[in-house]
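Below, all heavy atoms of this structure are taken into account, side chains as well, without hydrogens, waters or symmetry copies. All residue numbers refer to positions in the sequence shown, counting from 1.
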Amino acid sequence: MIAIPRFVFRLFRSVGRRAGLHKRRLTSEWGLSITGDGQSVRLRAGGCDVALEYRHVGPSDAQTLTLPWEALDALAGRGNEPVSLNAHGPTVTIASWNDGGVPRQSRFDAPKLDKLKFPEPPQEFTANEPGLWRAFRDAVPICDSASVRYALGCLSFRGIGRIDTTDGRHVLTQAGFQFPWQEDLLLPGNSVLGCRELDTNDSVGVGRTEKWVGFRTGDWLVMLAVQDGRFPKIDEIIPKPETAKSRLELAPDDAEFLAGVLPRLPCDDPQYEPITCDLNGRVLIRARESATSRPTQVELKESRLHGEPAILHTNRKYVAHALRLGFRNVHCFGTGSAALCCDDRRRLLWMPLDQESAIKPHTDPIRIERSSFVPATASTPSTSEKPMSVKSNAELPATHKRPASSVAAETNHAVPDRTAISPIEQTLVLRDALRTAAQKANDLVRSLKRQKRQTRIVESTLASLKELQKVAG
């Protein structure tokens, strides 16, 4: 017998969804493997290019059980009661648990495992700082899985200890890591990388086999398959910061103000969401509702421009992304050239929009002052984490008119505690309760519909009988 608390199944299902296992349905080829060794239990699942392993410490029999992925929906219910798993023959598992004092039991047939096997984990891991996992969180949203010419849906893990990612419109490089290989590798930009459920604030181990790379964090092991494909030569498109013609230095208060006001500025192009940064004596940000309306203007009074005056017409999402990453300096290299943010270990580069479409100054703009601005209820994401970037020498890229899509903010999940119910567990319990309520409501609606149909049949039958009585009489 193997006993596992229900929150373990909830957590594993949540992380599996992050990895996309519930969408691919390739898990039917692997299923959910549960292995006990007497001292702990390992849960494993995966697809063709991603595999997950979670180790739960607790007594268990030395055996291996295989369940379909869909079994998690039944086992990951509310509460933290243990689920007892018992093998009944080579292909059947019986799960037993208490649901609010009511004994429950389910039977699961093992899926066929004739195509894929769980990849062999690396024998050795190279330790990295916890910031590596947070670096994944910043890099993955930039990937573009729709790209055909280049493998932009992948992260480039450079042998020099750097991670590069781009969607063809903006680039993020992060350096200062230790990888146990010398060449450059491409790994899928899977959303499980950097997910908060696995952010244990512990060191992150990195290991490699011939075809897989493993990341060990806390009790988790994430395996990703090495990909084939071409990746852009990032070093050739990132300019040197010292060659910039001007540099915008954002004051901390201005940066916080700008991060809050950017999403609320008017927009005349929902696809590109343009703003114009007029850096000429004063630091002005302009946006407009339409081509004929008065522009809305924001002045950053405490920020300073060093060097030549500049006009930066850009997608506001790139500016917001730079602020979320904690950058406070923007390097400009001339009209129509890229904008660059950098620190000791990171580089963020993006292309502006067509400068001919820049929003011109107005004699009477709609002004927004920092003193009168009311921040949104949701707080701006913290930028207190230690920055990471990279040093590189390159030429400027050509002007690109297309911006990237917005970077989706990740829901802040906590790692469940084994001894207490954490916020994520409470959220999952609430979600499961809502699902149960919705299911019961749907059942009730179907029952009422059936009852209504039966009532109509009865009424029709009674009417027919009355007609027959009249005929007989």
Mind listing the closest non-hydrogen atom pair of [X] and [Y] along with its distance?
X	Y	answer
Thr165	Cys143	OG1-SG, 3.6 Å
Val330	Ala339	CG1-CB, 4.1 Å
Gly218	Thr200	N-OG1, 3.9 Å
Gln227	Pro188	CG-CD, 3.6 Å
Ala287	Ile359	CA-CD1, 3.6 Å
Ala45	Trp69	CB-CZ3, 3.7 Å

First locate atom [atom1] of [X], then atom [atom2] of [Y], and finally report the distance between them rounded to the nearest 0.5 Å.
X	Y	atom1	atom2	result
Ile285	Gln297	CD1	CD	9.5 Å
Met351	Ile237	CE	CD1	9.0 Å
Leu172	Asp164	CG	CG	8.5 Å
Arg328	Leu248	CZ	CG	11.0 Å
Thr335	His313	OG1	NE2	13.0 Å
Phe327	Leu348	CZ	CG	5.5 Å

Parallel under 30°, tilted from 30 to 60°, perpendicular over 60°: which one fits the rings of [X] and [Y]?
X	Y	value
Phe157	Trp181	perpendicular
His170	His321	perpendicular
His56	Tyr54	parallel

Give a yes or no answer on whether the side chain of [X] reaches the backbone of [Y] with a donor-acceptor pair at less than 3.5 Å.
X	Y	answer
Arg162	Gly176	no
Arg10	Ala76	no
Arg18	Val192	no
Asp254	Ser303	yes
Thr166	Gly168	yes
Thr243	Lys240	yes
Asp184	Gly159	yes
Arg316	Pro274	yes
Arg6	Glu81	no
Asn128	Thr126	yes

_Pair Phe12 and Trp220, ring centroids less than 6.0 Å apart_ =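 Here the rings of Trp220 and Phe12 have centres that are less than 6.0 Å from each other.
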
*For the ring pair Phe136 and Phe215, is the centre-to-centre distance below 6.0 Å?*
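So the answer is yes for these two rings.
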
_Side chains of Glu249 and His306, donor plus acceptor under 3.5 Å_ =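 Looking only at side-chain atoms, His306 and Glu249 do form a donor-acceptor pair, the distance falling under 3.5 Å.
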
*Do Glu197 and Ser14 have a side chain donor and acceptor closer than 3.5 Å?*
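Yes, Ser14 and Glu197 have a side-chain donor paired with an acceptor closer than 3.5 Å.
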
*Go through Leu258 and Leu300 one step at a time and tell me if the side chain to side chain contact (heavy atoms under 4.5 Å, CB included) criterion holds.*
CA-CA 8 Å; Leu258 183 59; Leu300 306 180; 4.1 Å; yes

May I ask you to say whether [X] pairs ionically with [Y], meaning some side-chain N is under 4.0 Å from a carboxylate O?
X	Y	result
Arg158	Asp235	yes
Arg208	Glu183	yes
Arg324	Asp138	no
Glu273	Lys317	yes
Asp268	Arg288	yes

Flag yes if more than 12 heavy atoms outside [X] fall under 6.0 Å of its [atom1] atom; otherwise flag no.
X	atom1	value
Arg282	CZ	no
Arg149	CZ	no
Lys360	NZ	yes
Asp364	CG	yes

*Can you list the steps and then say if Leu72 with Leu67 is a side chain to side chain contact (heavy atoms under 4.5 Å, CB included)?*
CA-CA 9 Å; Leu72 288 173; Leu67 284 68; over 6 Å; no

Tell me, do [X] and [Y] make a side-chain contact under 4.5 Å, heavy atoms counted?
X	Y	result
Arg370	Glu302	yes
Val226	Leu186	no
Pro180	Val206	yes
Thr296	Pro365	no
Val140	Ile142	no
Glu53	Met223	no
Leu21	Val50	yes
Arg286	Asp278	yes

*Quick one: do Leu279 and Ile311 satisfy side chain to side chain contact (heavy atoms under 4.5 Å, CB included)? Show the steps, please.*
CA-CA 6 Å; Leu279 314 177; Ile311 298 291; over 6 Å; no

*After noting the C-alpha distance and the side-chain angles of Lys301 and Glu369, does the key distance pass the salt bridge (Lys or Arg N to Asp or Glu O under 4.0 Å) rule?*
CA-CA 10 Å; Lys301 296 184 178 181; Glu369 300 292 340; 3.5 Å; yes

*Passes side chain to side chain contact (heavy atoms under 4.5 Å, CB included), Val298 versus Leu265? Steps please.*
CA-CA 9 Å; Val298 177; Leu265 292 177; 3.9 Å; yes

